[in-house]
Amino acid sequence: MSNISKYTNKIICGDSVEIMKSIPSESIDLVVTSPPYNLKNSTGNGMKDGRGGKWANAALVNGYSHHDDCMPHEEYVKWQRNALTEMLRLIKEDGAIFYNHKWRVQGGLLQDRKDILDGFPVRQIIIWQRNGGINFNAGYFLPTYEVIYLIAKPKFKLAAKANKYGDVWKIGQELKNNHPAPFPIKLIDRIISSTNAELILDPFNGSGTTAVVAQELGRNFIGIDISPEYCKMAQQRLEKNKVSSELAYKRQKSLFE
Ligand SMILES: C[S@@+](CC[C@H](N)C(=O)[O-])C[C@H]1O[C@@H](n2cnc3c(N)ncnc32)[C@H](O)[C@@H]1O
């Protein structure tokens, strides 16, 4: 068994940086991930006073099950830079990382995520335009997008014709998922099917959307999350998805027999 096969198609419960450290270098084709945004240390998004975020889905007021999302900013930046350093070590020379984050206004000024990304090989910023929400602040327009940084090693190339999608993607948020901040299936489908990646890692795997879509598209996955609850949720989604894909396959096959 090669070193990477013991991780392949597994949901691993633990700290992402620690687990990534144990995975061999240049063994992953693609990373797709959305880390916690440190929302609860925000000065102005309604998270502190309990009104919720600017998005329709304000489930994050209650936070994650095993992460309070409220680090001092410098500590948060250091943590995310460590995580990105590991992701970059893990991808192959033609690999890439799709790192989703959100810009926000702090103390009246835009906080983009330059401090996290500085020095990493960011090739492109994709705008993920979501549906709107509620803005509690009269000082600026309602934010309606998040960003996805495409961080790529020099030999990374998209799958044939995928560049036609452009760099602004309008995809609504996921409503049928009990995780407080899930990816929409459509968004991850767009990312994974735009590459030829065979093995895809999500080090902040949550409810397992990246893994579920990878499985659906016949690719391999590794998912890591600190929360046993979310790992269980991901495992259950994968099981369900596997059964329904097998049923669909059998149905399809019987049509031709
Ligand atoms: C934005 S959510 C990811 C949601 C995921 N994209 C989905 O579709 O469900 C971030 C995740 O990071 C996890 N997390 C927080 N700290 C972590 C750590 N140190 N190691 C691994 N996962 C962590 C949280 O439990 C949470 O599920």
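These numbers come from the heavy atoms of this one structure, side chains and all, not from hydrogens, waters or symmetry mates. All values reported here derive from a predicted model rather than from experimental measurement. Atoms within a ligand are numbered from 1 in the order they appear, just like the ligands themselves.
- Between Y76 and H101, the ring planes lie perpendicular to each other; the angle is over 60°, past the 30° to 60° tilted range.
- Remark: D115 engages H73, V77 in a side-chain contact (heavy atoms from CB on, under 4.5 Å) (not counting sequence neighbours).
- The list of ring-ring contact (aromatic ring centres under 6.0 Å, His included) pairs with a residue in residues 183-242, not counting sequence neighbours, reads W79-F204, H179-Y230.
- Of the N and O atoms on the side chains of E198 and N220, not one donor lies less than 3.5 Å from an acceptor on the other residue.
- Considering only residues two or more places apart in sequence or on other chains, S25 meets the side-chain contact (heavy atoms from CB on, under 4.5 Å) condition with R89.
- Residues E86 and K21 approach most closely at OE1-CA, 3.6 Å, considering heavy atoms.
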Report all N/O contacts between ligand 1 and the protein shorter than 3.5 Å as a table of atom names and distances to 0.1 Å; if there are none, say 'none'.
residue	atom	partner	partner atom	Å
ligand 1	8 (O)	F183	N	2.9
ligand 1	8 (O)	T209	OG1	2.7
ligand 1	9 (O)	S207	N	2.8
ligand 1	9 (O)	S207	OG	2.7
ligand 1	19 (N)	D15	OD1	2.8
ligand 1	20 (N)	S16	N	2.9
ligand 1	22 (N)	I226	N	3.2
ligand 1	25 (O)	D225	OD1	2.8
ligand 1	27 (O)	H179	NE2	2.9
ligand 1	27 (O)	D225	OD2	2.8

